[in-house]
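Below is one structure, written out as structure tokens; the observations come after it.
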Amino acid sequence: QVQLTESGGGLVQAGGSLRLSCLASGRTFSRRTMGWFRQAPGKEREFAAVVSWSGGRTDYAGAVKGRFTISRDNAKNTVYLQMNNLKPDDTAVYYCAQSERFVLTTNPDDYDDWGQGTQVTVSS
């Protein structure tokens with residue numbers, strides 16, 4: 001059983017920053033691709049960022065590229081999402097997810113385990 005626990009969400013003004021964390025417990029974390037997804041009210045869950053098991057490869061959605069940075073610390077079983085220059089359109093519940101695939105995947109169906117989510121609200 002894998003548990004993923006997100007933290008770090010909150011209310012921030014446009015242009016501000018937040019850092020989300022996702023702590024993993026259970027099955028081997030260090031050999032898993034980790035992703036961040038988000039879901040705004042009335043919208044489908046969408047991909048935000050993904051990092052390979054080593055941390056050496058990343059990919060981002062176009063809407064966040066250049067503003068968000070995903071990273072991981074395998075010694076701490078934690079993946080991070082640094083979010084800078086936040087915009088009101090970034091308002092959503094942010095979820096971390098773990099995939100047993102060794103490729104970078106943006107498809108939520110490829111992820112096996114999900115956290116409960118953390119709310120990010122960006123005011124204008």
Side-chain angles (χ1 to χ4, degrees):
Q1 186 71 21
V2 174
Q3 285 190 324
L4 301 174
T5 305
E6 303 95 336
S7 62
L11 173 64
V12 64
Q13 288 188 332
S17 298
L18 285 174
R19 188 174 83 153
L20 306 183
S21 299
C22 174
L23 175 64
S25 62
R27 285 201 305 267
T28 305
F29 169 81
S30 62
R31 293 288 180 176
R32 299 291 186 264
T33 296
M34 297 296 297
W36 284 98
F37 291 77
R38 64 186 186 180
Q39 187 167 18
K43 295 187 177 181
E44 293 188 354
R45 191 170 299 189
E46 65 176 12
F47 165 76
V50 59
V51 61
S52 64
W53 68 269
S54 69
R57 293 181 297 133
T58 58
D59 194 13
Y60 298 91
V64 308
K65 191 172 293 185
R67 299 187 298 121
F68 290 12
T69 302
I70 189 171
S71 62
R72 65 191 296 163
D73 185 339
N74 287 341
K76 296 182 178 179
N77 286 354
T78 302
V79 63
Y80 305 98
L81 186 67
Q82 177 66 44
M83 306 185 295
N84 297 330
N85 191 21
L86 283 161
K87 305 175 180 181
D89 284 349
D90 295 318
T91 295
V93 177
Y94 283 72
Y95 300 88
C96 71
Q98 180 172 275
S99 173
E100 295 188 1
R101 291 165 172 80
F102 288 102
V103 295
L104 296 185
T105 175
T106 64
N107 185 349
D109 292 337
D110 291 336
Y111 288 79
D112 308 287
D113 302 287
W114 294 81
Q116 293 300 307
T118 185
Q119 176 70 47
V120 171
T121 303
V122 184
S123 64
S124 57

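Side-chain atoms of Tyr111 do not come within 3.5 Å of backbone N or O of Cys96 as any donor-acceptor pair. Checking side-chain atoms of Asp112 against main-chain N and O of Glu100 turns up a donor-acceptor pair under 3.5 Å. For the pair Tyr60 (side chain) and Ile70 (backbone), a donor-acceptor distance under 3.5 Å is present. Thr33 contributes a side-chain N or O that, together with a main-chain N or O of Arg101, makes up a donor-acceptor pair within less than 3.5 Å. Within the 3.5 Å criterion, the main-chain N or O of Glu6 finds no donor-acceptor partner in the side chain of Thr118. Using modelled atom types, one side-chain atom of Asn74 and one backbone atom of Trp53 make a donor-acceptor pair closer than 3.5 Å.
By the 4.5 Å heavy-atom criterion applied to side chains, Asp90 and Arg38 are counted as neighbours.
A distance of 7.5 Å separates OG1 in Thr58 from CG in Leu104, rounded to the nearest 0.5 Å. Considering CE of Met34 and CG of Asp113, their distance stands at 8.5 Å, rounded to 0.5 Å. To the nearest 0.5 Å, the span separating CD on Gln82 from CZ on Arg67 amounts to 12.0 Å. To the nearest 0.5 Å, atom OG of residue Ser25 and atom CG of residue Leu23 are 6.5 Å apart. Atom-to-atom distance recorded for Arg72:CZ and Cys22:SG is 10.0 Å, nearest 0.5 angstrom.
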Subject >> Test log, rule side chain to side chain contact (heavy atoms under 4.5 Å, CB included), inputs Tyr80 and Thr69 >> reply: CA-CA 8 Å; Tyr80 305 98; Thr69 302; over 6 Å; no
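Phe68 and Trp36 have their aromatic ring centers separated by at least 6.0 angstrom.
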